[in-house]
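Written below as structure tokens is the structure these notes are about.
Read the numbers this way: they start at 1 and go in the same order the structure lists the ligands and their atoms. Numbering of residues begins at 1 and proceeds along the displayed sequence.
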Amino acid sequence: MIKKVLIANRGEIALRIIRACQELGIRTVAIHSTADAEALHVRFADQAICVGPPPSKQSYLDVPAILSAAEISGADAIHPGYGFLSENADFAEVVQSCGLTWIGPKPELIRMMGNKVRAREVAAEAGLPLLPGSKSALQDAKEAAEMAKKIGYPVILKAAAGGGGRGMKIVRDPAMIAQAFNTASAEAVAAFGDGSMYIERYVEKPRHIEIQILADKHGKVLHLGERECSVQRRHQKLVEEAPSPAIDAKLREKMGKLAVEAMKKLGYDSVGTLEFLLDEKGNFYFMEMNTRIQVEHPITEAITGVDLVKEQIRVAAGEKLRLNQKDIAFRGHAIEFRINAEDPVTFAPSPGTITGFHVPGGFGVRVDAAAYEQYRVQPHYDSLIAKLIVYGASREEAIARGRRALEEMVVEGIRTNVAFHKKVLGWPEFLEGQYDTRIVERILQGQGSVRRGIEETP
Ligand code: MV4
């Protein structure tokens, strides 16, 4: 087994990983920037090493500094969390070449899924349903136009190196396709250093559904059901729930089985998430795969009782999964609210000192937070300060508990999106479970805020 894990991350996920390690009897090493010297992950880890100044590039993304910290501390494994280096195949490879255990999937799988054109190819070969679109990267604007004509408008151009909504362009008018291709490709070169593009039929009012996978290094692959992540603003998820109100047991089993079979074919060997679009008719299509633990993993933990981070560490250490698919039962309903330090109207980050902080508690409430009273929210990092996860026997109970818990939440001294979450829990289409990825736009229209769809998103 792993003896000492270095956590190459910060914030609530670093704490989440430390807690899992403590329960497994594994020592922990936190790394931190000078700005995070007082952070909870530093205080709760067995050991902490400063790896650089506040900017992420010089600390949480500084590979030589992180590897030196691993060497100095005698860590035998690295957990990357989410964001930062978590989906960097080169980092995973160098971690392994240093003789350390990488707590994540094989680097080649990270690389494969990082290229969205390649991911589409392998997903198709592995039997996952795809939207009509290009089988490989588009050569030029002419090919984009030919493909679009075949697929039928509207279409969406996506950057192979993009993902998570970055580098996409919707095209509704055939007269615009060549220009859209050239602009999008040039933007992709500027953003990712890779102008490769692909094309798909555009789905108008999709829901974002993702399937949680858990696999070991011995060929066993399980699915832990889906998460509904359609409550997003500019590709930032705000509220997630499990199960999805749009998915029944039959569809869950169908999607889960397809995902498991595909992951078996690929030899997937860690936690991972397959993202799908669900259209208005109930058809689902593979979009992309995330090869890391995700922010919203706790809602799956709540309804399955499986500790995903502990399982992720165990399988990385080479242990066989003790769970079987028949042991995975879905019970009750969970909702996660991402509490961000941001202006409720402009959504601009709102750094500063938290002068008052009280988190809700009681039955069915979990708060994963790295903030505390007198904590200073840094401008250098993302604005997530806490995740509130509520669980109930039914969706109605989870919603009522969410309302109650949000009322208990106190964050003073900075601005947050707590009021937005209360609004979601009063929004009829959310309450009915009948919403799609544009729900946030509609909620914000109601309060007269700036609206931008993905058409205008750079
Ligand atoms: C799409 C789409 C409609 N049709 N692809 C955005 C994130 C990335 N993973 C895929 N995305 C989309 N791809 C086709 N063919 C609509 C989106 C999309 C979206 C997807 C999930 C959640 C929120 C979204 C918001 C806008 C657009």
Interfacing atoms of ligand 1 (cut-off 4.0 Å, heavy-atom, Glu200): 5 (N), 14 (C), 15 (N)
Any donor-acceptor pair under 3.5 Å linking the side-chain atoms of Asn290 with those of Glu275? yes
Please find out if less than 6.0 Å separates the ring center of Tyr435 from that of Trp427. no
State the atoms of ligand 1, each with its element, that fall below the 4.0 Å cut-off from a heavy-atom position in Glu275. 9 (N)
Parallel, tilted or perpendicular, judged at 30° and 60°: which one describes the rings of His41 and Tyr60? tilted
Heavy atoms from other residues, nucleotides or ligands near NZ of Lys205 exceed 12 (cutoff 6.0 Å): no
Residue-ligand contact Arg438/ligand 1, heavy atom below 4.0 Å: no
Please determine if Glu288 has a nitrogen or oxygen closer than 3.5 Å to a nitrogen or oxygen of ligand 1. yes
N/O to N/O below 3.5 Å, does that happen between Arg201 and ligand 1? yes
What residue among Arg16, Lys310, Arg227 forms salt bridge (charged side-chain N to carboxylate O under 4.0 Å, His left out) with Glu301? Arg16
Could an N or O of ligand 1 be found under 3.5 Å from any N or O of Thr437, whether backbone or side chain? no
Does ligand 1 have an atom under 4.0 Å from some heavy atom of Glu204? no
With nothing but distance in play, are any N or O atoms of His208 less than 3.5 Å from an N or O of ligand 1? no
Any residue meeting salt bridge (charged side-chain N to carboxylate O under 4.0 Å, His left out) with Glu397, in chain and number order, not counting sequence neighbours: Arg401
Looking only at distances, please establish whether an N/O atom of ligand 1 is found under 3.5 Å from an N/O atom of Gln232. no
Below 4.0 angstrom from a heavy atom of Leu277, which ligand 1 atoms are there? Numbered from 1 as shown, please. 1 (C), 2 (C), 3 (C), 4 (N), 5 (N), 14 (C), 20 (C)
Would you mind checking if Glu336 and Lys237 are paired as a salt bridge, meaning a charged N to carboxylate O distance below 4.0 Å? no
Say whether Val203, considering both its backbone and side-chain N or O atoms, lies within less than 3.5 Å of an N or O atom on ligand 1. yes
Show which side-chain atoms of residues 148-163 pair as donor or acceptor with protein atoms under 3.5 Å away, not counting sequence neighbours.
from, atom 1, to, atom 2, distance (Å)
Lys158, NZ, Glu200, OE1, 3.0

